[in-house]
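When reading the values below, keep in mind they use all heavy atoms of this one structure, side chains included, and skip hydrogens, waters and symmetry mates.
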Amino acid sequence: MSAAPATSQSLIRSLPPKVLKAAIEAHARYLKGLPAGARANLSYADLDNVDLEGVDLSEADLTGARLSGALLSRAVLTRATLYGADLRDADLRQANLSRCDLRGACLRGANLGGADLSGCDLREGITATQNSAQGFKILQHRSRRGELEHAVTRGARLDGAQVGEGFAQVADLTDADLCGVSLQGARLNRAVLNGANLSQANLYNADLSGASMRRAVLTGADLAGTTFDGADMTEVLRAPPPIIYVDDAPLHEVLEAHELFVTSDGRDGVVAKIPMVDFRPLKRLKGRRLAGLSAPGAIFFGMNLENVQLQGANLADADLRGVNLRGADLRGARLVGAQLSRADLSGAKLGPLTIAQGRVLRTDLSRAVLRGADLTGASARRVRLIDADLGRCKLDGCDLTSAELPEGFEG
């Protein structure tokens with residue numbers, strides 16, 4: 001990280017556990033507006049390997065703090081100042097760093113899986129000290145032998161973040177939400193951006209040579225001057241055409257005919273068999289009655305399908321990342337290999353569908369990717385989840401009675 005700031009030995013101050021505890025308690029009162037509250041000033045404090053898991057340090061001053069190896073998973077650091085902080089190897093999984101000042105911070109080897117960095121500032125920053133003998137002195141982060149040269153940000157949200165060229169140190173952005181992020185001039189050659197959402201991102205003059213961008217989303221991104229030499233662009237999503245046609249018929253008419261077939265018990269309309277179709281121009285399918293729809297490999301990325309009825313539908317290998325499926329009826333649906341990262345399936349019906357007396361069709365999510373999906377309160381009795389990716393899934397109140405779960409899964 002060029003001219004990355006950090007702390008010199010003379011600036012770092014030790015902080016006894018009792019003092020740190022008192023500062024956190026006073027900060028909690030400050031956030032609640034209670035008497036004896038005070039904003040936590042932990043600037044230039046030696047907090048290496050400290051346990052702050054789940055602690056609320058919103059608006060705290062951690063300028064230049066040493067937090068190497070710190071446990072900060074699920075910590076709340078909204079609007080905190082971490083300018084020039086040393087966060088190497090820190091555990092920041094699921095942490096809330098929204099609107100945080102991270103200019104010049106060192107994140108090498110940090111784990112930001114599922115963290116929220118929306119609106120934060122990750123640009124370069126410089127810290128300098130002055131004394132009468134030496135004048136100004138630029139401070140640098142400590143160097144360590146064998147340290148990682150990148151942070152792990154799988155599934156992190158960085159939408160709207162400001163990122164400078166030095167962000168090239170963060171090499172693994174798998175499934176990261178980078179919607180609206182400014183990566184102007186960033187050097188991301190050989191970076192891993194598989195499944196990353198770069199919608200509306202500013203990639204002007206960015207270097208993505210040799211990057212892996214499989215299934216990345218580039219809808220509305222500014223790609224002027226961007227270098228993609230040798231990049232893997234397999235299944236990259238760009239903006240869809242304004243109208244999708246299926247055999248010369250507009251997609252919305254095809255769906256209307258299918259819905260008519262469903263509502264008339266097959267007397268009118270016709271079943272839609274439309275593989276590999278991009279549904280995004282329709283914006284939403286909220287509450288539509290689309291039972292039995294056959295749309296394997298279809299694209300629904302980011303759409304609103306709340307309360308949709310898709311009983312018995314074939315959506316194998318479909319792209320349902322970030323889709324709103326709250327309360328959706330997916331009983332008996334075939335979702336083998338579907339991409340459902342960050343999808344909202346809270347309250348969804350994923351149990352078996354009765355198709356005749358004594359016969360049921362189970363919902364099949366084998367090999368589906370559900371990283372970061374929300375299945376809170378979902379009904380998923382007897383669902384098939386063989387070899388599915390359930391990393392960081394929210395499963396509170398989800399009924400998984402008699403479900404076929406991934407090997408080694410611990411809910």
Side-chain angles (χ1 to χ4, degrees), residues 112-114 150 152-159 170-181 183 186 188-203 206-223 226-241 244 274-282 295-305 314-325 334-345 365-374 385 387-393 406:
L112 288 149
H150 64 273
V152 179
T153 57
R154 295 187 178 184
R157 288 189 57 198
L158 291 109
D159 40 313
V170 183
D172 190 338
L173 289 153
T174 303
D175 288 331
D177 188 344
L178 294 151
C179 180
V181 73
L183 286 162
L188 287 160
N189 48 306
R190 296 185 302 280
V192 180
L193 289 149
N194 296 331
N197 180 11
L198 287 152
S199 301
Q200 311 301 323
N202 178 6
L203 290 161
D207 183 3
L208 287 154
S209 301
S212 182
M213 303 186 68
R214 299 175 67 88
R215 297 185 310 280
V217 183
L218 291 171
T219 304
D222 182 355
L223 303 176
T226 308
T227 302
F228 290 105
D229 295 344
D232 184 351
M233 309 287 283
T234 306
E235 297 182 50
V236 163
L237 278 188
R238 301 181 186 270
I244 298 290
I274 42 178
M276 310 299 291
V277 166
D278 193 337
F279 284 79
R280 288 179 295 164
L282 300 181
I299 299 170
F300 298 90
F301 180 90
M303 292 182 65
N304 183 357
L305 276 71
N314 181 3
L315 300 173
D317 299 314
D319 188 344
L320 291 149
R321 289 175 292 168
V323 169
N324 177 2
L325 284 160
R334 179 174 171 78
L335 289 152
V336 176
Q339 298 289 325
L340 286 146
S341 297
R342 299 188 301 275
D344 186 350
L345 288 150
L365 283 154
S366 299
R367 300 191 305 280
V369 179
L370 290 134
R371 284 192 297 270
D374 187 352
L385 287 162
D387 292 330
D389 185 346
L390 298 175
R392 303 191 310 277
C393 267

- request: Give the minimum heavy-atom separation between Phe279 and Ile274, together with the two atoms involved.
  value: CZ-CD1, 3.6 Å
Nearest non-hydrogen partners of Ala176 and Leu158, listed with the distance: CB-CD1, 4.2 Å
message: Looking at Arg334, I want to see if its CZ is surrounded by more than 12 non-hydrogen atoms of other residues, nucleotides or ligands under 6.0 Å.
response: no
message: For Arg321, I'd like to know if atom CZ has over 12 heavy atoms of other residues, nucleotides or ligands within 6.0 Å.
response: yes
- prompt: If you measure from CZ on Arg157 to CG on Asp177, what distance do you get to the nearest 0.5 Å?
  reply: 5.5 Å
- prompt: What's the spacing between Asp344 CG and Asn324 CG if we round to 0.5 Å?
  reply: 5.5 Å
query: Does a donor on one side chain sit under 3.5 Å from an acceptor on the other, for Ser212 and Asn194?
result: yes
statement: Tightest non-hydrogen contact, residues Met213 and Phe228, listed as SD-CE2, 3.8 Å
- prompt: Side-chain contact, heavy-atom cut-off 4.5 Å: Pro296 with Asp317?
  reply: no
query: Any side-chain heavy atom of Leu315 sitting closer than 4.5 Å to one from Phe300?
result: yes
- request: For the pair Arg367 and Asp387, evaluate salt bridge (charged side-chain N to carboxylate O under 4.0 Å, His left out) and give the outcome as yes or no after the intermediate values.
  value: CA-CA 5 Å; Arg367 300 191 305 280; Asp387 292 330; over 6 Å; no
query: Do the side chains of Leu183 and Leu208 get nearer than 4.5 Å, heavy atoms only?
result: no
- prompt: Atom CG in Asp222, atom CG in Asn202: separation rounded to 0.5 Å?
  reply: 5.0 Å
message: Does any part of the side chain of Arg238, heavy atoms only, come nearer than 4.5 Å to the side chain of Leu223, both counted from C-beta?
response: yes
query: Under 4.5 Å between any side-chain heavy atoms of Arg280 and Ile299, yes or no?
result: yes
query: Roughly how far apart are Leu320 CG and Leu340 CG, rounded to 0.5 Å?
result: 5.0 Å
- request: Run through Leu193, Leu237, Val236 and flag the one making a side chain to side chain contact (heavy atoms under 4.5 Å, CB included) with Val217.
  value: Leu237
statement: What one should report as the nearest heavy-atom pair of Thr226 and Leu203 is OG1-O, 2.6 Å
field: Shortest non-hydrogen contact between Leu173 and Ala196, atoms and distance
entry: O-CB, 3.7 Å
- request: Supply the atom-to-atom distance Asp374 CG to Leu345 CG, rounded to the nearest 0.5 angstrom.
  value: 8.0 Å
message: Give me the atom names and distance for the closest heavy-atom approach of Leu370 to Ala388.
response: CD1-CB, 4.4 Å
- request: Hey, could you give me the CG/CG distance between Asp278 and Asp319, rounded to the nearest 0.5 Å?
  value: 9.0 Å
- prompt: Do Arg342 side-chain atoms and Asp175 backbone N/O form a donor-acceptor pair below 3.5 Å?
  reply: yes
task: Step by step, work out the side chain to side chain donor-acceptor pair (under 3.5 Å) result for Thr227 and Asp229.
output: CA-CA 6 Å; Thr227 302; Asp229 295 344; 5.5 Å; no
